[in-house]
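Read through the structure below, which is laid out as structure tokens, and then see the notes.
Computation of the quantities below employed the complete heavy-atom set of this structure, encompassing side-chain atoms and omitting hydrogens, waters and symmetry-equivalent molecules. Here the structure is a predicted model, which is why all the values come from computation and not from measurement. In the text below, chain A, chain B and the rest are named by the order of the sequence lines, each starting its count at 1.
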Number of protein chains: 2
Amino acid sequence: MTVLIVEDDAVHRAFLRDVLVGTLPDCRLIEAADGVAGEALAREHESMNVVVDLQMPRRTGVEMAKTLWRERPATAIMFWSNYADEAYVRGVSRIVPEGAAYGYVLKSASEERLALALKSVFLEGQCVIDREIRSVQQKSADRSGSFTDVEYEILVDLALGLTDRLIAERRGISLRSVQNRLAQIYDKLGVYETEAGSDVFNLRMRAVTLAGLRKLLNRNSLEQAEAELAAWLAASPRASGGRR
Amino acid sequence: MTVLIVEDDAVHRAFLRDVLVGTLPDCRLIEAADGVAGEALAREHESMNVVVDLQMPRRTGVEMAKTLWRERPATAIMFWSNYADEAYVRGVSRIVPEGAAYGYVLKSASEERLALALKSVFLEGQCVIDREIRSVQQKSADRSGSFTDVEYEILVDLALGLTDRLIAERRGISLRSVQNRLAQIYDKLGVYETEAGSDVFNLRMRAVTLAGLRKLLNRNSLEQAEAELAAWLAASPRASGGRR
DNA sequence: ATCTTCTTTACGGGATCCCGCAAGATCCCT
DNA sequence: AGGGATCTTGCGGGATCCCGTAAAGAAGAT
């Protein structure tokens, strides 16, 4: 069995190596320090299992997993991450193909838990998701305090700095609808619940700040969204008024 | 010699332990997993040296170092961080007292570099700052593309979601001045430099997004600023119109 | 089919934001 | 003291944002 390790932190990489040879003694290890290198290595080998960090320079673990699964949906992938940010959990759930085996464990988990998860995913083809992650996942799928996909997309557009008008254009709805969605978003994020008056904040900014503090948005998700936005802007030539 | 390790990641903590006993064989090690525990331990011991991670739950490395240096300015502190975010570099430079010995090395640095830095700081009382950090520091102090303290404060207020009016109130300047500063900030962040027209973005939001992508702001700095804001809001009872 | 509920869209208006212009104020340099 | 650069502040106005109200459409339940 071949296992590809994709992890930028040298210390963690060494640790992973130790755990893997201890858990799966007859496995061959390949290592990469970021997503781009990882993808290249993955293409050179036929069938393999992957352990990948989510937060890496150049190319996120999520992005790498996405292209990897598109080419070979049967690949077993273990996500190994520092954080249980809702942004990551949402990102991973969105890309896992039908019936693929994958795992999601936190770096704070014990070595035993990691080893067990590795065996379950790579040998048994099961899905193993850490308790902490699981709870985030459920909270995120729960229909009450949480966000639909449309709302989330608009929240991202908001965080990127788009105007209402442009969000409407991009998502194919009217200006007023965007504003309605925004009102929902503000409400769900609790923008109004503040000790001091309520005319204190710039609502759209406050919403994004709260989303950030709540780990619904993080730098990685914004980076990716920024790239998608740039592509969309280039592809849809606007009548560009040009204020200045 | 006593060395206090404050680091939440167990793997990194073990690595640090190894490096320290290898580098300073006759040192006594104490360990804490976050800033609060670290502060408590630091108070129990007379003179010590500290190695601290910047990003930790509950209490940041910067916050911990701040109170620690306030009580005992002679303490030697080694900051050991994953990132060279300008937000961190700025945070550290702001709190280092006159003549204190400290170091700032990245976790991606080699073991030798870390060991060398530890000896320089703890034994020789020198200051050792990684090359990557150094360059960020200089860029940050450079008077041209970069931010004065006032501008940075206002940028943070902006990111917290305050209105122009409230920023003016908080910083003791007029509304128009705030808007002028904002214009400067927008300019320095390059809000206008975009391929597609320039009426695409909500400027204040776009500015914060760019600052985030540029690592000038990060989650930690916002968390801290949010706490300070809450304190200020509570301390300065406003005439609170109350829109709703 | 009818009723309920949710979403979408339009109109309109008050508040805020962004900014050009210009008159002081402040500071630095010589 | 004089000159120049920068910062502050006010006025005014166009654009945007936030939202109350309400009509029309869509989806589901009985």
Side-chain angles (χ1 to χ4, degrees), chain A residues 143-144 147-151 153-155 157-194 197-210 238-244, chain B residues 143-144 146-155 157-194 197-210 238-244:
Chain A
R143 291 259 165 268
S144 71
F147 289 74
T148 69
D149 284 349
V150 185
E151 283 169 352
E153 279 180 356
I154 294 190
L155 176 60
D157 285 347
L158 193 67
L160 288 178
L162 298 186
T163 60
D164 292 5
R165 187 180 55 70
L166 203 65
I167 298 178
E169 196 174 325
R170 186 176 189 195
R171 301 299 173 195
I173 54 182
S174 81
L175 187 67
R176 193 60 181 82
S177 289
V178 172
Q179 297 176 332
N180 283 336
R181 303 315 272 247
L182 288 183
Q184 285 177 312
I185 291 174
Y186 297 158
D187 196 39
K188 287 189 178 176
L189 283 171
V191 171
Y192 306 118
E193 299 155 17
T194 170
S198 57
D199 52 347
V200 173
F201 293 118
N202 174 312
L203 295 183
R204 52 174 44 219
M205 182 66 81
R206 188 62 184 167
V208 171
T209 306
L210 288 178
R238 208 164 342 301
S240 83
R243 188 190 297 165
R244 92 199 50 261
Chain B
R143 291 260 165 266
S144 71
S146 204
F147 288 74
T148 69
D149 284 348
V150 185
E151 283 168 351
Y152 188 75
E153 280 180 355
I154 293 188
L155 176 60
D157 286 346
L158 194 67
L160 288 177
L162 298 187
T163 61
D164 293 3
R165 187 179 54 69
L166 203 64
I167 298 179
E169 197 175 322
R170 186 177 189 194
R171 301 300 173 194
I173 54 182
S174 81
L175 187 67
R176 193 63 181 82
S177 289
V178 172
Q179 297 177 331
N180 282 335
R181 302 316 270 249
L182 289 183
Q184 285 177 317
I185 291 173
Y186 298 158
D187 195 39
K188 287 189 178 176
L189 283 171
V191 171
Y192 307 118
E193 299 155 17
T194 169
S198 57
D199 52 348
V200 173
F201 292 118
N202 174 311
L203 296 182
R204 53 176 39 218
M205 182 67 80
R206 188 61 183 167
V208 170
T209 305
L210 288 179
R238 207 164 342 301
S240 82
R243 189 190 297 165
R244 91 198 49 257

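- The two residues I154(B) and I185(B) make their nearest non-hydrogen contact at CG2-CD1, 4.1 Å.
- On a pure distance criterion of 3.5 Å, a polar donor-acceptor pair joins the side chain of R176(B) and the base of dG20(C).
- The distance between atom CG of D187(B) and atom P of dT6(D), rounded to the nearest whole Å, is 13 Å.
- Atom CZ in R170(B) sits 4.5 Å away from atom CG in D157(B) (nearest 0.5 Å).
- Two residues are said to be in side-chain contact when any heavy atoms from C-beta on lie closer than 4.5 Å; T209(B) and R206(B) meet this criterion.
- Taking atom CG of L175(B) as the reference point, atom C1' of dC19(C) lies 12 Å away to the nearest angstrom.
- The CG atom of N202(B) sits 11.5 Å away from the CG atom of L160(A) when rounded to the nearest 0.5 Å.
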Between the protein and nucleotides 6-8 of chain C, list the N/O to N/O atom pairs that are separated by less than 3.5 angstrom.
residue : atom : partner : partner atom : Å
dT8(C)  : OP1  : R181(A) : NH1          : 3.2
dT8(C)  : OP2  : R181(A) : NH1          : 2.4

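- Between Y192(A) and dC19(D) there is a side-chain N or O to OP1 or OP2 distance below 4.0 Å.
- Rounded to the nearest 0.5 Å, atoms CG (N180(B)) and CG (L175(B)) are 10.0 Å apart.
- With sequence neighbours excluded, no residue forms a side chain to side chain donor-acceptor pair (under 3.5 Å) with T163(A).
- To the nearest 0.5 Å, atoms CZ (R181(B)) and CZ (R171(B)) are separated by 11.5 Å.
- Look at CZ on R206(B): it is 20 Å from C1' on dA15(D), rounded to the nearest Å.
- Taking atom CG on L182(A) and atom P on dC17(D), their separation rounds to 9 Å, with Å as the unit.
- Between the CD1 atom of I167(A) and the C1' atom of dC17(D) there is a distance of 11 Å, given to the nearest Å.
- Once rounded to the nearest 0.5 Å, the distance linking CE of M205(B) with CG of L158(B) reads 9.0 Å.
- In this structure, I154(A) atom CD1 and dC17(D) atom C1' are separated by 15 Å, rounded to whole Å.
- Within the helix from dA1(C)-dT30(D) to dT30(C)-dA1(D), the inter-axis angle between the opening and closing five-pair segments is 40°, rounded to 10°.
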